[in-house]
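Accompanying notes for the structure given below.
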Amino acid sequence: MNMEHPQGRLVVVSNRLPVVLEQNAHHGWRAKPGSGGLVTALLPVLRDRGGMWIGWPGTSVEDPDGIKTALDSASKDAGYTLHSVPLNKEEVHKFYQGFSNEIIWPLFHDLQSHCSFDPSYWRTYIEVNRRYAETVARHSREHDFVWVHDYHLIHVASELRQLNVHTQLAFFLHIPFPSLDIFTKLPWRFQLLRALLEYDLVGFQTLRDRRNFIQCARTLLDDVTVQGKGQVVTMHAGGRTLRLGSFPISIDYNAFMKHAASPEIAALASDLRTRLPNRQLILGVDRLDYTKGIPERLEAFRNALLRYPDLLERVRLVQVVVPSREDIPQYSELKTRIERLVGEINGQFTRPSGWVPIHYVFRSLTRSELLAYYRAAEIALVTPLKDGMNLVAKEFCACSIEEESVLILSEFAGAAAQLQNGALLVNPYDRDGVADAIYTAFGLPPAARRTRMRRLRRTIREHDIFWWVDSFLRAAIAKDLSAFPLPPDYVPQDSFTETVS
Ligand code: ADQ
């Protein structure tokens, strides 16, 4: 008897497999399961429908048999199958660092001056996407649902169609989709756009990203029509019909909340607090990345200390930077720039009392350390220049157990579309505006903080990572798209309010 799930198995495809591989001199390879929000959310679906995860195992060492044995053993524990797509050093350089992170990443974050449009990157991108597609074709069956993740793998669907795979293919873009003027700078703009049309469902973080995509398609291609107005719409283009939706990604709210409320985190957070008597802790947590706006934030903090002397000795900025992509020259330059600024600002304001305005941490924190900072901080300063969503903002709110903290959030983070009713929104380029927001947050009375934080927490709780997975999967199969109306409190992200100072 055929016991297959009626909707077919789920095949997840992402650049990296959700495991960490370790090589041991005596026992060979070992794959430790990953623990991110995406894995947690997809796990129940993968176990229920049956399925597999396809991706690069994260090493260029050539030992296919050893790696396969480790992945097979990890698959048994995980409850779904892991299949690897091997990449050699040159492919990692040209596909991952090159096309993905020196072209699409900066361009889609509106930073075209950071792009290096090397044509050899493009050729390797296509070759590697084909390799992913071949792996999917080898392991998937007709009724499977293939869900491809992120900007590294835009071309997988068109490669699969060429391989005669006609199963349902869906794609989710974790980063922003740029506006027409920026997108048209891309030398491979037509190819990339047409590649996206080969999917049956394309998900964006926000309605703004989807609108940008539709505008690019309408301008660059002939015969594009769009039907519907809600969270999910239908597009006809290039002889194909596909669905486009906005699905703001989220976190496992309850897991964050429960862990933050645990005695272990409470003790760590109170330890951090006792070291800062009569001071408010302002927190910044980011991967080392020029999109996160760290130097701009430090300048704004300096400006706040200059313009609002009340803040001297009454606040401390803890800036945590997680090492990332340091092989790309712009990232190591950014690190130097951040460290110079921290040194300058501390040199400028440190007091004989021992007060130092910025506490700088450059390393990856354990989950407990991160949650202790989230719980201990009074103010989170989340000011990316542009961000697909920004999960740090959501994690901070989930961990704000006492509900007496304030979120300062960039207008250009995808999260602003959902969180604008509780956060203090800022333009990260506006040093005066960010300084004013810091001062406002500092002086905000507890009752006002609670009202805002409750709103934020409710929104995140109601739209957690499980809601995200469920709405994406439903959008792929729903007969009637009117089941996906726009959220009632939706305010377009490009409606800005003028503040007169
Ligand atoms: P990122 O650019 O990586 O993600 P973000 O959404 O903020 O940005 O996620 C960072 C993650 O790293 C968070 O889950 C956080 O807990 C973790 N982290 C942060 N600091 C850490 C530390 N010191 N130690 C260990 N872990 C730490 C991309 C897009 C985003 C989008 C996500 C998800 O750029 O816009 O929100 O994907 O789609």
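For ligands, and for the atoms within them, numbers begin at 1 and follow the listed sequence. Residues take their numbers from the sequence shown, with the count starting at 1.
- Atom 36 (O) of ligand 1 has its closest protein heavy atom at N390 N, 3.0 Å.
- Distances below 4.0 Å separate heavy atoms of G388 from the following atoms of ligand 1: 35 (O).
- Within the 4.0 Å heavy-atom criterion, the part of W105 lying near ligand 1 is the side chain and not the backbone.
- In this structure, H155 has its ring center closer than 6.0 angstrom to the ring center of W122.
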Taking it one step at a time, do K335 and E339 satisfy salt bridge (charged side-chain N to carboxylate O under 4.0 Å, His left out)? CA-CA 6 Å; K335 178 169 183 270; E339 290 174 357; 3.5 Å; yes
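- Atom 35 (O) of ligand 1 has its nearest heavy-atom neighbour, among D387, I465, L371, in D387.
- Outside the 6.0 Å centre-distance limit, the rings of F171 and W147 are not counted as a close aromatic pair.
- Ring to ring, F466 and Y253 are not that close: their centroids are 6.0 angstrom or more apart.
- Note that atom 17 (C) of ligand 1 has no protein non-hydrogen atoms nearby, at separations under 4.0 angstrom.
- For atom 19 (C) of ligand 1, the nearest non-hydrogen atom from the set V285, V321, V361 belongs to V285.
- Here T366 has no heavy atoms under 4.0 Å from ligand 1, in either its backbone or its side chain.
- Across P384 and A413, no two heavy atoms sit closer than the pair CG-CB, 3.8 Å.
- When each atom of ligand 1 is checked for a heavy atom of V392 under 4.0 Å away, the hits are 7 (O).
- Checked against the 6.0 Å centroid threshold, F247 and F204 do not count as a close aromatic pair.
- With a 4.0 Å heavy-atom cut-off, ligand 1 is reached by the backbone of L391 and by its side chain too.
- Between atom CG of residue L283 and atom CG of residue L370 there is a gap of 8.0 Å, rounded to the nearest 0.5 Å.
- A distance of 6.0 Å or more separates the ring centres of H174 and Y151.
- Of the protein's heavy atoms, none falls inside 4.0 Å of atom 4 (O) of ligand 1.
- Close to ligand 1: Q205, with a non-hydrogen atom less than 4.0 angstrom away.
- Interface atoms of ligand 1 facing V320, defined by a heavy-atom separation under 4.0 Å, are 23 (N).
- Of all the atoms in ligand 1, the ones that sit under 4.0 Å from a non-hydrogen atom of S364 are 24 (N), 25 (C).
- Classified by interplanar angle (parallel below 30°, tilted 30° to 60°, perpendicular above 60°), the ring pair H463/W467 is perpendicular.
- Ligand-side atoms of ligand 1 in range of R287: 1 (P), 2 (O), 3 (O), range being under 4.0 angstrom from any heavy atom.
- In this structure, Y96 and W56 have tilted ring planes: the angle between them lies in the 30° to 60° band.
- Protein heavy atom closest to atom 26 (N) of ligand 1, with residue, atom name and distance, is L370 CD2, 4.3 Å.
- Within ligand 1, counting atoms from 1 as listed, the ones closer than 4.0 Å to a heavy atom of V322 are 20 (N), 21 (C), 22 (C), 23 (N).
- Ring pair Y121/F99: centre-to-centre distance not below 6.0 Å.
- When the heavy atoms of L365, D286, I249 are ranked by distance to atom 25 (C) of ligand 1, first place goes to L365.
- For the residues H109, M389, H174, the heavy atom positioned nearest atom 33 (C) of ligand 1 is part of H174.
- Counting only non-hydrogen atoms, the option in R367, K394, E395, R363 that gets closest to atom 13 (C) of ligand 1 is E395.
- The distance from atom CZ of R340 to atom CZ of R337, rounded to the nearest 0.5 Å, is 7.5 Å.
- Of all protein heavy atoms, the one lying nearest to atom 8 (O) of ligand 1 is K292 NZ, 3.2 Å.
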